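These notes concern the structure reproduced below.
Throughout, numbering of the chain's residues begins at 1 and tracks the sequence. Because the structure is a prediction, the values reported are computed rather than measured.
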Amino acid sequence: LAPITNTSFVDSTIESGNPLLRPATTLNLDLMLDHYFQSVGVASVGIFYKRIDDFFFSSVANEPAAVFNNELALVEKRRNGDVGYVYGIELNFYRQLDFLPGFLKGLGIYANYTYAQSDAVFDRQLDGSEIKGRFPGQSDHNGNIALTFDIGGFSSRVSLNYTGSFIDDFNITNLGVLRTTVDDRFQLDANASYRINKWLRVFVEGTN
């Protein structure tokens with residue numbers, strides 16, 4: 001929003017704020033069904049629908065710039081899109097396996113998966129045609145699964161997370177539409193801690 005510019009005279013580019021940005025507004029509809037276990041745990045399924053008006057995205061265009069004596073410069077700024085839609089289903093499961101014998105009752109499992117579809121209208125041409133694409137930042141598949149173990153003063157967790165590919169930027173230029181896509185990725189994390197007494201705890205963790 002701040003009306004400031006960052007100008008590079010080396011490659012004739014300008015990053016500009018846009019004080020004319022309108023705030024985005026959303027309509028969210030969610031339907032959830034939850035089942036709680038008698039002991040610690042829950043299983044749930046939900047469907048969701050979101051409509052986002054006036055969302056933000058990056059715009060790049062060649063425009064005359066006073067700082068370059070009104071010659072063309074590559075100007076990048078945030079601007080409002082028209083309308084976007086995100087809808088899908090989410091599954092969750094968490095269960096402490098305290099029904100297992102012996103030390104195995106300290107095990108717990110957590111899993112989450114979200115499948116989403118998205119559409120966005122970024123702009124409308126004078127002839128009424130629409131510039132469309134996936135909603136920026138929204139991946140089709142997201143999920144994680146974690147195994148925990150807690151007994152006495154010892155606690156540990158190993159988790160695997162997955163994020164599907166998504167569009168990071170959707171740039172409308174005078175040369176066409178440019179999309180910057182972030183590839184899908186996995187992340188594996190692990191941590192463990194042991195409480196020696198009420199004043200002292202040791203821990204170790206690894207993050208990928």
Next item on the list: Nearest 0.5 Å please: distance from the CG atom of Asn6 over to the OG1 atom of Thr13.
Entry: 7.5 Å
Notebook entry, point to check: Side-chain heavy atoms under 4.5 angstrom apart, residues restricted to Ile, Leu, Val, Met, Phe, Trp, Tyr: same cluster for Tyr113 and Leu33?
Noted result: yes
Checklist line | From CG (Leu100) to NZ (Lys105), nearest 0.5 Å | finding: 9.0 Å
Notebook entry, point to check: Can you name the nearest heavy-atom pair linking Ala43 to Phe37, along with the distance?
Noted result: N-CE1, 4.1 Å
Next item on the list: Using side chain to side chain contact (heavy atoms under 4.5 Å, CB included) as the criterion, list what pairs up with Thr25, not counting sequence neighbours.
Entry: Asp53
Notebook entry, point to check: With the threshold set at 4.0 Å, does a side-chain nitrogen-carboxylate oxygen contact exist between Lys132 and Asp119?
Noted result: no
Notebook entry, point to check: Is there a path of hydrophobic side-chain contacts, each under 4.5 Å between heavy atoms of I, L, V, M, F, W or Y residues, that connects Met32 with Ile47?
Noted result: no
Next item on the list: Measure the CG-CD distance between Asp140 and Gln117 for me, rounded to the nearest 0.5 Å.
Entry: 5.0 Å
Next item on the list: Salt-bridge test for Asp123 and Arg79: reply yes if a basic N is under 4.0 Å from a carboxylate O, no otherwise.
Entry: yes
Checklist line | By ring pair (Phe, Tyr, Trp, His ring centres under 6.0 Å) - contacts of Phe122 (at least two apart) | finding: Phe55, Phe57, Phe170
Checklist line | side-chain hydrogen bond (donor to acceptor under 3.5 Å, both in side chains) against Ser159, all qualifying residues, sequence neighbours excluded | finding: none
Next item on the list: For Leu200, enumerate each residue passing the side chain to side chain contact (heavy atoms under 4.5 Å, CB included) test, keeping only those at least two apart in sequence or located in another chain.
Entry: Ile196, Asn197
Notebook entry, point to check: Is there a path of hydrophobic side-chain contacts, each under 4.5 Å between heavy atoms of I, L, V, M, F, W or Y residues, that connects Leu31 with Val42?
Noted result: no
Checklist line | Check: Asp183 main-chain N/O paired with Ser165 side-chain donor or acceptor under 3.5 Å | finding: no
Item checked: Interatomic distance, Ser155 atom OG to Asn191 atom CG [nearest 0.5 angstrom] -> 7.0 Å
Next item on the list: State which residues pass side chain to side chain contact (heavy atoms under 4.5 Å, CB included) with Ser156; sequence neighbours excluded, sorted by chain then number.
Entry: Phe149, Phe154, Ala192
Margin query: When you group the ILVMFWY residues by side-chain heavy-atom contacts below 4.5 Å and let the links chain together, are Val83 and Leu29 in the same group?
Written below: yes
Can you give me every donor-acceptor pair (side chain of residues 89-99, partner residue at least two apart or in another chain, under 3.5 Å) with its distance?
{"residue": "Glu90", "atom": "OE2", "partner": "Asn112", "partner atom": "ND2", "Å": "3.1"}
{"residue": "Asn92", "atom": "OD1", "partner": "Asn112", "partner atom": "ND2", "Å": "2.2"}
{"residue": "Asn92", "atom": "ND2", "partner": "Ser44", "partner atom": "OG", "Å": "3.4"}
{"residue": "Tyr94", "atom": "OH", "partner": "Gln96", "partner atom": "OE1", "Å": "3.2"}
{"residue": "Arg95", "atom": "NH1", "partner": "Ser39", "partner atom": "OG", "Å": "2.7"}
{"residue": "Gln96", "atom": "NE2", "partner": "Gly106", "partner atom": "O", "Å": "3.2"}
{"residue": "Gln96", "atom": "NE2", "partner": "Leu107", "partner atom": "O", "Å": "3.1"}
{"residue": "Asp98", "atom": "OD1", "partner": "Ser39", "partner atom": "OG", "Å": "3.4"}

Check: What residues form a ring pair (Phe, Tyr, Trp, His ring centres under 6.0 Å) with Tyr87, not counting sequence neighbours?
Finding: none
Next item on the list: Please determine, by modelled atom types, if Lys77 and Asn18 share a side-chain donor-acceptor pair under 3.5 angstrom.
Entry: no
Notebook entry, point to check: Tell me, do His141 and Asp184 make a side-chain contact under 4.5 Å, heavy atoms counted?
Noted result: no
Note to self: For the CG atom of Leu147 and the CG atom of Leu160, what is their distance to the nearest 0.5 Å?
What the structure shows: 12.0 Å
Checklist line | Pairs satisfying ring pair (Phe, Tyr, Trp, His ring centres under 6.0 Å), at least one member in residues 182-205, at least two apart | finding: Tyr162-Phe186
Note to self: Filter on salt bridge (charged side-chain N to carboxylate O under 4.0 Å, His left out), then keep only pairs touching residues 196-208, sequence neighbours left out; what's left?
What the structure shows: none
Margin query: Under the salt bridge (charged side-chain N to carboxylate O under 4.0 Å, His left out) definition, can you give me all pairs with a residue in residues 19-36, not counting sequence neighbours?
Written below: Arg22-Asp54
Checklist line | From CZ (Arg157) to CG (Asp189), nearest 0.5 Å | finding: 9.0 Å
Next item on the list: Please go through Leu21's hydrophobic cluster and name the other residues, only I, L, V, M, F, W, Y counting, with side-chain heavy atoms under 4.5 Å joining them.
Entry: Leu1, Phe56
Next item on the list: Can you sort out the partners of Ser139 under side chain to side chain contact (heavy atoms under 4.5 Å, CB included), two or more places apart, ordered by chain and number?
Entry: Asn142, Thr163, Phe166
Next item on the list: For Arg78 and Ser58, test the side chains for any donor-to-acceptor distance below 3.5 angstrom and give the result as yes or no.
Entry: yes
Item checked: 4.5 Å side-chain heavy-atom contact, Phe48 and Asn28 -> no
Checklist line | Pairwise side-chain contact, Ile131 with Arg124, heavy-atom cut-off 4.5 Å (strictly under) | finding: no
Notebook entry, point to check: How far apart are the C-alpha atoms of Lys50 and Thr26, what are their side-chain angles, what is the distance that settles it, and do they pass the side chain to side chain contact (heavy atoms under 4.5 Å, CB included) test?
Noted result: CA-CA 7 Å; Lys50 303 175 186 295; Thr26 66; 5.9 Å; no
